[in-house]
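Below, chains carry the letters A, B, ... as their sequence lines are ordered, and counting in each starts from 1.
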Amino acid sequence: MTDTSPAPAADLPTAFVPAEVEGTLYERWVQRGYFEADDKSDRPPYCIVIPPPNVTGSLHLGHAFEHTLIDALIRRRRMQGYEALWMPGMDHAGIATQNVVERELAREGLSRHDLGREEFIERVWQWKERSGGQISGQMRRLGDSVAWSRERFTMDEGLSRAVQTIFKRLYDDGLIYRAERIINWCVRCHTALSDIEVEHTEDEGELISIRYNDEVVVATTRAETMLGDTAVAVNPGDERYQHLIGTEVELPLTGRRIPVVADPHVDPEFGTGMVKVTPAHDPNDFEIGRRHGLPALTIMDELGVITAHGPFQGLDRFEARPAVVAALREQGRIVSEKRPYVHAVGHCSRCKTVVEPRLSLQWFVRVGPLAKASGDAVRDGRVRIHPKEMEPRWFAWVDNMHDWCISRQLWWGHRIPVWYGPNGEVVCVGPDDEVPTGEGWTQDEDVLDTWFSSALWPFSTLGWPEQTPAMEKFYPNQVLVTGYDILFFWVARMMMFGLYANADAGPEQAIPFSTVALHGMVRDERGKKMSKSFGNVVDPMDWMDAYGSDALRFTLARGANPATDVPIGEDWVQASRNFCNKLWNATRFALLNGAQVGVLPDASELSVTDRWIISRLHATLAEVDALYEDFQFAKLTEALYHFTWDEFCDWYVELAKTPLSRGGAVRTGTRDERSDERDQTGGADAERTQLVLGHVLDALLRVLHPITPFVSEALWTTLTGDETLVTAEWPVADASLTDADAEAAVAELQRLVTEVRRFRSEQGLKPGQRVAARLAGLSGSLAGHEAEIRSLVRLDVPADGFTPTASLSVGGVTVDLDLSGAIDVAAERRRLEKDLATARKDLEQAEKKLANEQFLAKAPEQVVAKIRDREAAARSEIDRIEAQLAALPSA
RNA sequence: GGGCGUAUAGCUCAGCGGUAGAGCACCCGCCUUACAAGCGGGAGGUCACUGGUUCGAACCCAGUUGCGCCCACCA
């Protein structure tokens with residue numbers, strides 16, 4: 001070939017050292033602006049917004065996983081010529097971040113109240129700067145190809161404006177309201193929570209029966225709430241208690257008289273069929289109270305301390321419980337002894353404290369119409385949820401959603417844009433409205449649920465409410481990639497707000513994204529959930545340090561089955577590192593031997609093995625493309641692994657050594673430091689092989705790039721001399737290059753080689769030991785490859801006077817070897833007998849099937865033909881082995 | 001209390017109607033002209049159990065058992 005650049009491979013070390021390429025490559029990519037997207041280009045858009053990491057700390061393995069998947073999608077589309085935008089940013093994570101900073105303060109012996117609201121918020125911003133810097137550093141390390149110039153934060157000015165805008169619109173449309181309701185209250189975080197921020201666990205409580213009077217006996221697990229009872233309820237159809245309805249009973253310990261009401265909610269089968277009614281501390285009771293006009297008596301404050309007058313005042317709720325029981329027992333009112341009772345208890349998802357249902361004045365989103373629209377968008381196919389098995393969950397949720405409590409009694413977050421006047425005025429202020437001033441006007445103290453701003457993320461980050469070019473180009477987003485665990489927290493809310501905020505654009509354009517691709521959770525190597533308390537949490541940085549970013553990414557992608565949890569262990573990252581190294585060395589070998597990317601010769605000039613590897617390459621490319629469309633990362637990564645290692649490296653590269661050596665010598669870079677004479681003397685075989693190696697590696701490195709961007713970039717730029725793979729073209733599968741004949745011929749070759757190797761191994765021949773042998777019966781397409789075959793199995797061409805001492809045959813090929821007495825007759829007999837048994841079993845199975853008339857009548861022709869082939873093959877195999885056994889010298 | 005998923009080699013998982021697969025781990029042999037982070041060979045599964053459908057079932061259906069997960073305002 002022509003003299004190109006001086007063999008660059010000479011510079012490649014014999015092992016891939018990630019640290020030497022990762023940092024510089026990433027900075028170069030960013031500097032050259034490869035990750036930025038143009039709002040005004042003609043390319044089709046492909047936008048994925050990052051699920052904004054919380055600024056509570058640093059990224060964990062789950063983020064690394066999610067980012068690997070998103071980055072792979074984005075990088076592939078970029079290579080395919082899309083205007084690809086991965087929108088970066090972070091979430092202020094209201095309650096979570098406030099808790100972190102409060103804990104930090106606590107170490108200094110301070111509470112947020114010591115600082116005051118403004119100073120505290122200042123403090124959180126400082127935290128955000130630190131944490132945010134750490135997170136973006138980790139993202140760089142991972143190789144995330146995000147458009148850094150567009151980075152957003154849920155509390156930055158633009159996004160706050162978006163929040164205020166939509167709040168105002170919803171308020172004006174009557175979809176946001178303020179009301180006294182029973183909400184989930186966390187006495188530790190000191191705030192209201194939405195329903196999904198409550199985690200239910202099966203806890204063991206005690207069900208206690210209390211006698212209010214001779215006829216009225218109720219049961220409860222929260223005895224202290226009886227202090228707030230304002231009625232006793234029975235089922236209206238319950239014959240036993242008809243006479244009590246409308247009467248009053250005296251509530252013990254309080255002296256209050258409360259009515260007995262009839263309410264259908266009461267299950268006459270449960271317990272005594274009588275229910276104590278505490279409207280201020282139980283959602284059901286609240287409803288009963290409303291139906292009967294009962295007063296709601298709050299007996300507990302925000303800290304869970306009893307406020308009801310009397311001996312229990314000032315006690316914590318969990319102290320009050322036994323105290324109340326003791327007092328009741330003293331009066332002989334405890335009917336049955338307390339007994340264990342397993343029931344679902346709600347805990348704060350942030351701090352695990354037992355949640356207290358509490359009557360409270362809060363802001364709510366009326367979800368009815370929004371949830372309906374969200375269900376419809378999936379029902380009518382505008383939004384696709386992948387994998388489809390997740391759809392039932394989606395519908396179950398959106399079709400039964402309760403109103404969303406959005407106010408939080410926190411400081412860190414978007415403050416509710418509502419002002420109260422001195423005369424009871426309530427004014428919701430839009431971003432461009434005048435803030436009411438003057439005596440007595442105050443702003444609502446609460447902030448919004450952190451998910452309120454996340455719900456706007458797909459469009460607030462693009463400039464909404466302005467109709468920016470970015471909105472124009474990238475809304476709706478093409479795909480959303482996120483974990484199934486936040487389907488309701490986040491995806492459902494984005495859908496509700498996206499559809500609502502962009503309704504003017506029409507139903508097709510209003511959706512926030514057209515596809516939701518859900519992934520699973522990262523788990524440890526034994527499938528256990530990673531948790532701090534269990535001590536199995538892994539810092540992705542540690543593994544990246546040890547094995548490189550590519551290895552981590554490859555491992556994560558390789559485990560990514562849709563919406564399925566991903567077990568991952570260090571051994572697996574190591575295996576991926578080995579893969580990267582394999583790729584490195586294969587490329588290094590190719591470069592050392594003059595591999596070139598150029599125009600491939602016509603198929604007629606290629607060898608069978610050339611056509612085979614090209615055929616396999618293009619089949620793999622087609623397979624990978626199809627799998628990408630279905631988000632089958634695990635399978636496509638596996639396909640790439642298999643092609644690279646088992647087909648390209650183990651067979652093609654080994655086979656290539658023979659033709660390459662005809663052009664001079666195989667260059668090893670380690671042992672054989674010959675100069676460039678190869679280029680001058682290179683024969684046609686060598687040139688052809690160099691081009692095929694170049695062709696395969698070029699495509700292979702391209703198709704691997706989305707998963708392993710660093711190694712692929714380093715190798716590909718060396719191979720091609722081009723600037724970057726980031727914006728290079730995606731390799732397109734060419735169906736015309738598939739070659740069934742070549743695949744069949746190489747399959748035959750592989751079988752032959754494997755059998756000979758097996759024979760050698762069982763004969764105890766050392767791998768390097770050369771043996772003379774005669775090959776006969778090679779099929780037409782393999783006849784020209786005898787040299788390659790001999791090289792793979794280390795069989796020399798026999799010299800004069802060759803006398804074979806052993807023989808084996810594979811398919812139609814006979815191999816006569818001169819083992820010069822090295823043969824182990826007993827071992828050989830054993831081997832052959834084993835093979836014979838296998839072949840006989842095969843034959844038996846096939847014959848049995850073919851003797852089955854129903855099978856012959858009903859099975860498809862292809863299947864029957866296959867079985868017939870199998871029968872014939874088994875027959876000839878048996879003949880062959882029997883002949884060999886007969887020829888064996890007797891022991 | 002509802003709903004969903006899953007049970008395949010020692011481990012983690014693919015396969016989902018036509019003779020059981022991968023990675024890691026394991027055993028034997030190798031510094032064979034890229035790579036010992038490697039090469040060659042090998043061992044290892046009555047595909048949870050019980051019935052059914054089918055010429056044929058790991059795969060479809062029913063039930064049983066084990067294990068997960070999600071949802072839930074029955075005191």
- Query: Given A37(B), A72(B), C70(B), which nucleotide is nearest the side-chain atoms of A344(A)?
  - Reply: A72(B)
- Taking OP1 and OP2 of G56(B), is either one under 4.0 Å from a side-chain nitrogen or oxygen of N852(A)? no
- Base, sugar-phosphate alone, or nothing: which one does D571(A) contact when heavy atoms must sit under 4.0 Å apart? sugar-phosphate
- For F579(A), report the nucleic acid contact type (base, sugar-phosphate, nothing); a contact means any heavy atom under 4.0 Å. nothing
- Message: With a 4.0 Å limit, can you tell me whether W645(A) has a side-chain N or O closer than that to the phosphate oxygens OP1/OP2 of C39(B)?
- Response: yes
Show me, pair by pair, the donor-acceptor contacts under 3.5 angstrom made by side chains of residues 644-653 of chain A, not counting sequence neighbours?
from: T644(A); atom 1: OG1; to: L640(A); atom 2: O; distance (Å): 2.6
from: E647(A); atom 1: OE1; to: R616(A); atom 2: NE; distance (Å): 3.3
from: E647(A); atom 1: OE2; to: R616(A); atom 2: NE; distance (Å): 3.0
from: Y652(A); atom 1: OH; to: D610(A); atom 2: OD1; distance (Å): 2.5

- Message: Students often get this wrong, so: under 4.0 angstrom with heavy atoms, is T754(A) touching a base, only sugar-phosphate, or nothing?
- Response: sugar-phosphate
- Lys/Arg-Asp/Glu bridge criterion (N-O < 4.0 Å) met for R222(A), D282(A): yes
- Message: Measuring to OP1 and OP2 of G42(B), would you say a side-chain N or O of R758(A) lies under 4.0 angstrom away?
- Response: yes
- Taking the six-membered ring for Trp, are F65(A) and H519(A) parallel (under 30°), tilted (30 to 60°) or perpendicular (over 60°)? perpendicular
- Establish whether the base of C35(B) is bridged to the side chain of K582(A) by a donor-acceptor pair shorter than 3.5 Å. yes
- Message: Within the 4.0 Å heavy-atom criterion, would you say H402(A) contacts the bases, only the backbone, or no part of the nucleic acid?
- Response: base
- Could you tell me which nucleotide pairs with C39(B) by Watson-Crick or G-U wobble geometry, both distances under 3.5 Å, or answer none if nothing does? G29(B)
- Considering only the P atoms, how many Å lie between C49(B) and A58(B), rounded to the nearest integer? 11 Å
- For each nucleotide in nucleotides 7-14 of chain B, reading 5' to 3', give B when a protein heavy atom comes within less than 4.0 Å of its base, S when such contact involves only the sugar-phosphate, and - otherwise. -----SSS
- Salt-bridge present (E287(A), R290(A); N to O < 4.0 Å): yes
- Query: Are E844(A) and R840(A) ion-paired here, with the side-chain N under 4.0 Å from a carboxylate O?
  - Reply: no
- Please work out if A586(A) contacts a base, only the sugar-phosphate, or nothing of the nucleic acid, heavy-atom cut-off 4.0 Å. base
Nucleotide N/O to protein N/O under 3.5 Å, stretch nucleotides 17-22 of chain B:
from: U19(B); atom 1: OP2; to: R870(A); atom 2: NH2; distance (Å): 3.0
from: U19(B); atom 1: O2; to: Q845(A); atom 2: OE1; distance (Å): 2.9
from: A22(B); atom 1: O2'; to: E638(A); atom 2: OE2; distance (Å): 3.1

- Message: Please enumerate all residues that pass side-chain contact (heavy atoms from CB on, under 4.5 Å) together with E877(A), with sequence neighbours excluded.
- Response: R751(A), A839(A), R880(A), I881(A)
- Query: With respect to the phosphate group of C30(B), does any side-chain polar atom (N or O) of K766(A) fall under 4.0 Å of OP1 or OP2?
  - Reply: yes
- Task: Describe the nucleic acid contact of D650(A) in one word from base, sugar-phosphate, nothing, applying a heavy-atom distance below 4.0 Å.
- Result: sugar-phosphate
- Task: Using side-chain contact (heavy atoms from CB on, under 4.5 Å) as the criterion, list what pairs up with H402(A), not counting sequence neighbours.
- Result: D195(A)
- Query: If you look only at pairs with a residue in residues 857-870 of chain A, which of them pass as a side-chain hydrogen bond (donor to acceptor under 3.5 Å, both in side chains), with sequence neighbours excluded?
  - Reply: none
- Looking at every strand, decide which applies to R757(A) at a 4.0 Å heavy-atom threshold: base, sugar-phosphate, or nothing. sugar-phosphate
- Task: When you get a sec, tell me which of G41(B), A37(B), A34(B) is the closest nucleotide to the side chain of N578(A)?
- Result: A37(B)
- Message: Applying a 4.0 Å non-hydrogen cut-off, can you work out what C649(A) is touching in the nucleic acid: base, sugar-phosphate, or nothing?
- Response: base
